[in-house]
**Q** 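Take this structure, written in structure tokens, and hold onto it; I'll ask about it next.
Throughout, numbering of the chain's residues begins at 1 and tracks the sequence.
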Amino acid sequence: MGKYILKRVLQFIPVFIGVTIILFAMKTIVPGDPISMITGGRSVPEQTRLQLEVENNMIYGDESGRPIYDENGDTIPVPIWEQYIRYMDDLLHGDLGTSYQKKRPVTDIFAEKYPYTVKLAVCAICLEAVMGIGAGLVSAIKRYSFWDILVTLITSVLVAVPAFWLGMILQLTFGIWLKDLTGGAISLPISGAGGPNSQYMDWVHYILPAFTLAAVSTAYTARIMRSQLLDVMNQDYIRTAKAKGLSGRAIILHHALKNALIPVVTYIGIDFGAMMAGAILTETVFNWPGVGSEIYRAISSRDWPLVMGGVTIIIVVVMVINLLVDISYAFLDPRIRLGNSKSED
């Protein structure tokens, strides 16, 4: 197991380097003047502009931060490869840069935003796991019954519905129409994450965005659970268990469920990583103060340090979650021997 974990961690290194190269290239290729973005489009004195270019590793400067000139009196641009090395050095020291628009360290901004995304993702993944696995079990056990048809119909609708459209429908239904219908007695919040100025308790603000975020994934989880359980129930060892006289419940709980859960856990784990990355559409629709909506605003304003820092954090989180999902295989299926060589298998 230890060798497997070490191997996977080492595999993260080229992936991480590749992602940072792509991000850095995007920052370089995308048109626009970074200094203009930093100054908010305002014109600044030439000396101030040169100092900003030194601070952002665009031109060489001395120890005092003043630009260095060549024999012709021109500033000396820093090569792209050297800019990337400096960027990686800062990154490895935990410095993600300073936001152009907010004039604050990117690490501080995401330290404030990430807890909201994590809590929303946890709520959504719990809904996905409970409702998706439950619906898939019912659909498989009651095959071709009314419940199976109902689950198939609902999952088909959820898969076809865009997340942003579902979110707006839920806002209209539970935030506006239900409030008007009950004279304001019953309604759900449609924006924000609560706080001292909200008329609702903080946990109520999670209901609609969590359901929106989990809806499509729950449908896929139910479908995967149904198909895998039906496949496992046709295996020889299940027929042997039936021949021994075991009850249907005992067969499902003690024999079929573990094997059927392996691809389900894989999907839920990967999906949780995606949710932890910040659901841009859901967070934007519900004005959720998380990572997704922050990155969306940063992209709109071309705040590249914020975009690059956010994506870098997301990549690290997703890789760690994928590693945890892989390790969980060994606990679900003892036949899997992580880290063993082919000869040992």
Side-chain angles (χ1 to χ4, degrees), residues 12-61 65 67 75-118 273-274 276-284 287-319:
F12 289 165
I13 296 176
V15 174
F16 183 75
I17 293 175
V19 170
T20 56
I21 289 175
I22 293 173
L23 288 173
F24 192 80
M26 287 178 57
K27 175 187 174 183
T28 306
I29 295 172
V30 172
D33 181 13
I35 303 303
S36 179
M37 297 175 193
I38 295 173
T39 60
R42 298 186 301 271
S43 60
V44 294
E46 183 64 20
Q47 193 60 35
T48 302
R49 181 182 181 85
L50 292 175
Q51 189 167 356
L52 288 173
E53 290 181 354
V54 172
E55 293 174 359
N56 287 273
N57 297 323
M58 298 171 65
I59 61 175
Y60 285 107
T75 57
I76 306 174
V78 178
I80 296 297
W81 63 268
E82 188 172 334
Q83 291 184 37
Y84 175 73
I85 291 176
R86 292 186 184 183
Y87 163 70
M88 285 297 294
D89 182 64
D90 292 339
L91 194 61
L92 294 175
H93 286 85
D95 183 4
L96 299 177
T98 302
S99 168
Y100 290 162
Q101 304 295 323
K102 298 188 175 184
K103 313 300 181 187
R104 296 177 56 202
V106 172
T107 50
D108 293 348
I109 295 173
F110 281 110
E112 295 175 358
K113 300 294 182 180
Y114 221 92
Y116 290 102
T117 292
V118 172
M276 291 283 285
I280 293 179
L281 290 177
T282 301
E283 291 188 5
T284 302
N287 194 28
W288 193 259
V291 173
S293 57
E294 190 66 31
I295 292 177
Y296 171 77
R297 285 190 289 268
I299 293 173
S300 302
S301 60
R302 296 187 180 180
D303 194 339
W304 290 115
L306 204 54
V307 174
M308 294 172 67
V311 174
T312 301
I313 293 173
I314 287 169
I315 291 299
V316 173
V317 170
V318 170
M319 289 192 300

**Q** Please enumerate all residues that pass side chain to side chain contact (heavy atoms under 4.5 Å, CB included) together with L92, with sequence neighbours excluded.
**A**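 L92 satisfies side chain to side chain contact (heavy atoms under 4.5 Å, CB included) with no other residue.
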**Q** What pairs with T75 under side chain to side chain contact (heavy atoms under 4.5 Å, CB included), at least two apart in sequence or on another chain?
**A**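 Partners of T75 under the side chain to side chain contact (heavy atoms under 4.5 Å, CB included) test: L50, I59, P67, Y69.
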**Q** For the side chain of Q83 and the backbone of V78, is there at least one donor-acceptor N/O pair under 3.5 Å apart?
**A**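 Between the backbone of V78 and the side chain of Q83 there is a qualifying donor-acceptor contact (under 3.5 Å).
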**Q** To the nearest 0.5 angstrom, please state how far the OG atom of S293 sits from the CG atom of N287.
**A**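 Going from OG on S293 over to CG on N287, the span is 7.0 Å.
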**Q** Would you check if I295 and I314 make a side-chain contact, meaning some heavy-atom pair closer than 4.5 Å?
**A**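 Side chain of I295 against side chain of I314, heavy atoms only: contact under 4.5 Å found.
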**Q** Working to the nearest 0.5 angstrom, can you tell me the gap between I85 CD1 and D89 CG?
**A**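 Output value for this atom pair is 9.5 Å.
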**Q** K103 versus S99: any side-chain heavy-atom pair under 4.5 Å?
**A**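 They are not in side-chain contact.
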**Q** Taking all heavy atoms of V291 and all of T117, pick out the closest pair and write down the distance.
**A**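 In this case the closest contact between V291 and T117 is N-OG1, 2.7 Å.
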**Q** Within this structure, what is the OG1-OH distance for the pair T284 and Y296, rounded to the nearest 0.5 Å?
**A**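 Interatomic distance, T284 OG1 to Y296 OH, rounded to 0.5 Å: 6.0 Å.
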**Q** Give a yes or no on whether the backbone of Y116 and the side-chain of W288 come within a donor-acceptor separation of less than 3.5 Å.
**A**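 Yes: the side chain of W288 pairs with the backbone of Y116.
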**Q** With sequence neighbours left out, write down each residue that passes side chain to side chain contact (heavy atoms under 4.5 Å, CB included) with P79, or none if nothing qualifies.
**A**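 With neighbours one apart ignored, the set is Y60, W81, E82.
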**Q** Please identify each residue that fulfils ring pair (Phe, Tyr, Trp, His ring centres under 6.0 Å) with F24, with sequence neighbours left out.
**A**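 Expected list: Y84, Y87.
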**Q** Between E294 and L306, which heavy-atom pair has the shortest distance, and what is it?
**A**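 Closest pair (atom of E294, atom of L306, distance): OE2-CD2, 3.4 Å.
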**Q** Using distance only, find each side-chain donor-acceptor pair of residues 105-112 under 3.5 Å and give its atom names and separation, not counting sequence neighbours.
**A**
{"residue": "E112", "atom": "OE2", "partner": "R104", "partner atom": "NH2", "Å": "2.8"}

**Q** May I ask you to test the I313-L96 pair for a side-chain heavy-atom distance under 4.5 Å?
**A**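 Heavy-atom side-chain distance check passes, below 4.5 Å.
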**Q** Mind checking side chain to side chain contact (heavy atoms under 4.5 Å, CB included) for F16 and listing every partner two or more places apart, or none if nothing turns up?
**A**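 F16 satisfies side chain to side chain contact (heavy atoms under 4.5 Å, CB included) with T20, M88, L91, T312, V316, M319 only.
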